[in-house]
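Just so it is clear: chains get the letters A, B, ... in the order the sequence lines come, proteins before strands, and each one is counted from 1. Side chains are part of it too, since the values below use all heavy atoms of this structure and drop only hydrogens, waters and symmetry mates.
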Number of protein chains: 2
Amino acid sequence: MNKSKQPTIIDVASEAGVSIATVSNVINRRKVPMAQETIRKVEAAIVRLGYRRNVMATNLSRRRSYELGLIIPHFGGYYGRFAESLEQKVHRFGYHLSVFSAAGMDAEIEQRHLEHLLQRRVDGLVSHGLAMSMQSTQQLVGVGTPLVIFNGWGWPGEIVQLAVNLDFAKASVEAVQYFLRSGCQSVIYVGKRNGMGANDQRIQGFLAGLGDSAESTVHALLDVGELGIAGTLDEALRLSGESRPIGIYTFNDALALEILALCHERGVHVPEDVHLIGMDNELYSRASYPAITSFDMPVDLQTSLVAAFLMKQIGEPLDEESAALLEEHLPRVQGHELLIDLDMIVRKSTMA
Amino acid sequence: MNKSKQPTIIDVASEAGVSIATVSNVINRRKVPMAQETIRKVEAAIVRLGYRRNVMATNLSRRRSYELGLIIPHFGGYYGRFAESLEQKVHRFGYHLSVFSAAGMDAEIEQRHLEHLLQRRVDGLVSHGLAMSMQSTQQLVGVGTPLVIFNGWGWPGEIVQLAVNLDFAKASVEAVQYFLRSGCQSVIYVGKRNGMGANDQRIQGFLAGLGDSAESTVHALLDVGELGIAGTLDEALRLSGESRPIGIYTFNDALALEILALCHERGVHVPEDVHLIGMDNELYSRASYPAITSFDMPVDLQTSLVAAFLMKQIGEPLDEESAALLEEHLPRVQGHELLIDLDMIVRKSTMA
DNA sequence: CTGTTAGCGCTTTCAG
DNA sequence: CTGAAAGCGCTAACAG
């Protein structure tokens, strides 16, 4: 309530019988030499009063917030794991991470969060490939605050310092070829428009993976947004006719799981009739029945790279590990984008 | 980088040829009457310079941050949904919500976040029933910032203004009695220590639900933390002997799903041999095979209550809806705790 | 309607 | 080793 009751550095100073500068010094453990006795007195006063430093004042004065912002579409699954991991990483550098969710790719909310973070003068920003237009983003960010994107394609270097992307295209090639090798007579990609390019990457890989087999193999790109989940499966079955097995590759595990549930319902057997591959390696791809083949997301590597890069941009000294990591990966950057491989985890859903 | 390059209110003032007070006035759309011309000039200057208000300075001066803090154990599942929902609710009141994850009930990290939020002088705090000791929390919070807890039991009113809890005990009674009514010869609770009391609530309800049947029915309280997931199922089967079906009630859907996967692996049939009930109503309880009976969490109601109550504490005027909600529920508060019912969603896993 | 001014709480030279 | 004083960017009386 009455915030004004919170003790300030001035109260501490007078309580300890020293000047405010001294109090500030002991709080910040500066290199300034101080008498043990002074330190003791000040610290005692701090506890006695229950003093708690006001970060807003500190930041204003320092012109630095030691705070980073993260914007994700939602807290679940991969994004949640990403946030949690990144939070820990930046903590090692003494930074805090404020996480905001854009309520599922809602451009307006995303804008609002971005603007807020900027007004708060965060030292750096991390965001998934944003839903909003690049133009408005550019306007927002301007110069100043470093921004790094994860899983976003085609962002100009003037606005995004780096994009740390998972190689969905490559993974998709692998998925399709796995289907082909296991004798699938027909392969279907079940996608989901999300404006981030992640879907496009998968489609691109899917088609590339098909290669020469494209002509001899029934294949299709379906969109759950249009057809609904049941409609999608129906369409896949219809397109495939008598061809068996059908390889169905989905945007993510959640979709794969729903398809699987529907297969059970319709008496379609997995993997006899349908081979299924998802993406994300969620708990439920491992624990479903049958277990679903999926791709594991190297979240840890991704956040390590994001954190290290951002710290470097901000001018924070890097520890050996981070420096080595950057040294290893940065040379591979192409057009401000870095690609990280995914590992396919083969499970029952693709074992004939 | 060079934060000092960001334009300030002073730059805007001189650019527009007015005083800084005037600029401040137009920015804050105060009730102060102003000439249209002045407003226009200032706004033009703002865009021209790309001015963005410094929230830290604003807050410092206002002695108010219009910011709320939320601490959750992690971003996944229920907690993630809670965060997202609360974020939207408080937004309607003009507040921002900064979300921090305590890396799975880690008391130390939780403390750090709490302290940080307090240093940032947030106007209010919401947290799940905290893992840390009540004592240290008390010390942390002291007076001043209102704190509301969700799913936390036994917190003293001096430190927590309100606890908005889901009635896990009641739900557990329902689960057990459902088992009993469907002819389960043996009922097992599979719990998970989490220090929040949520497990205790379930245990309490489980035992209460058993009632007189306790003597005639094989029953047990197992803990995955001790036995591991496989060990837990083995133990449940061992304890039950030939009794069929066995009712297994788990702490949450994730656990239920893992048990289910294990049952498939061992040729234990659900629901013929084992009836399964989870908690959370996650996607994968609905889409698993067979689908798992679960309890839906009324996240929306919970966050509405949290938001409304907090706003009231802060002294923000309530809209009709919020006021009505509070009026309806507050009378039911007992010892600073409010209980919200859960809905059981019956699915195949409990249909013989 | 607009401008002056005194803070908000803390950091940081720079003297002493 | 300690203290005085000048900001950091903005708000909020209070005059004019």
(request) Could you walk me through whether A/Glu43 and A/Val26 pass side chain to side chain contact (heavy atoms under 4.5 Å, CB included), step by step? (result) CA-CA 8 Å; A/Glu43 284 176 341; A/Val26 357; 4.3 Å; yes
(message) Measuring to OP1 and OP2 of C/dT11, would you say a side-chain N or O of A/Ser24 lies under 4.0 angstrom away?
(response) yes
(request) Validate the cation-pi geometry between A/Arg81 and A/Tyr79: distance from NZ or CZ to the six-membered ring centre under 6.0 Å, angle to the ring axis within 45°. (result) no
(request) For A/Gln36, look at atom CD and say whether over 12 heavy atoms of other residues, nucleotides or ligands are found less than 6.0 Å away. (result) no
(message) Show, in sequence, the C-alpha distance, side-chain angles and deciding distance for B/Glu84 and B/Val299, and conclude whether the side chain to side chain contact (heavy atoms under 4.5 Å, CB included) test is met.
(response) CA-CA 10 Å; B/Glu84 234 160 274; B/Val299 172; over 6 Å; no
(request) Round to a whole Å and report the spacing from CG of A/Asn28 to C1' of C/dG9. (result) 13 Å
(request) Give the rounded distance in Å between these two atoms: CE of A/Met56 and C1' of D/dG7. (result) 18 Å
I'd like a table of atom pairs between the protein and nucleotides 3-5 of chain D - only N or O on both sides, under 3.5 Å - with the distance next to each one.
residue	atom	partner	partner atom	Å
D/dG3	OP2	A/Ser19	N	2.8
D/dG3	OP2	A/Ser19	OG	3.4
D/dG3	OP2	A/Thr22	OG1	3.1

(request) Assess whether one donor atom and one acceptor atom, taken from the side chain of A/Ser61 and the base of D/dG7, lie less than 3.5 Å apart. (result) yes
(message) From the set C/dT11, C/dG9, D/dC10, return the single nucleotide nearest to any side-chain atom of B/Leu60.
(response) C/dG9
(request) Report the C-alpha separation of B/Lys312 and B/Leu162 in whole Å, then their side-chain angles, then the decisive distance to 0.1 Å, and conclude whether the side chain to side chain contact (heavy atoms under 4.5 Å, CB included) test is met. (result) CA-CA 12 Å; B/Lys312 191 179 152 205; B/Leu162 179 70; over 6 Å; no
(request) Name the closest nucleotide to the B/Arg53 side chain, picking from D/dG9, D/dT11, C/dC10. (result) D/dT11
(request) Using the ring of A/Tyr51 (Phe, Tyr or Trp, six-membered ring only), decide whether A/Arg53 places NZ or CZ under 6.0 Å from its centre and within 45 degrees of its axis. (result) no
(request) Starting from P on C/dT12, measure out to CG on A/Asn59 and report it in whole angstrom. (result) 11 Å
(message) Without decimals, in angstroms, what is the distance between B/Ile9 CD1 and C/dC8 C1'?
(response) 14 Å
(request) Report yes if at least one side-chain N or O of A/Arg63 is closer than 4.0 Å to OP1 or OP2 of D/dG7; otherwise report no. (result) no
(message) Is the ring pair A/Phe150/A/His128 parallel, tilted or perpendicular, if the boundaries are 30 and 60 degrees?
(response) perpendicular
At a cut-off of 3.5 Å, list every protein nitrogen or oxygen paired with a nitrogen or oxygen from nucleotides 14-16 of chain C, distance to 0.1 Å.
none

(message) In this structure, how many angstroms lie between the P atom of C/dG9 and the CG atom of A/Asn54, rounded?
(response) 7 Å
(request) Heavy atoms only: give me the nearest A/Phe100-A/Phe75 pair and the separation to one decimal. (result) C-CZ, 4.5 Å
(request) Check the distance between C/dC10's P and A/Arg52's CZ and give it to me in whole angstrom. (result) 12 Å
(message) If you compare all heavy atoms of B/Leu97 against all heavy atoms of B/Ala83, which two are closest, and at what distance to 0.1 Å?
(response) CD2-O, 3.9 Å
(request) Please determine, for the side chain of A/Met34, which listed nucleotide (C/dT2, D/dT2, D/dC10) has the closest atom? (result) D/dT2
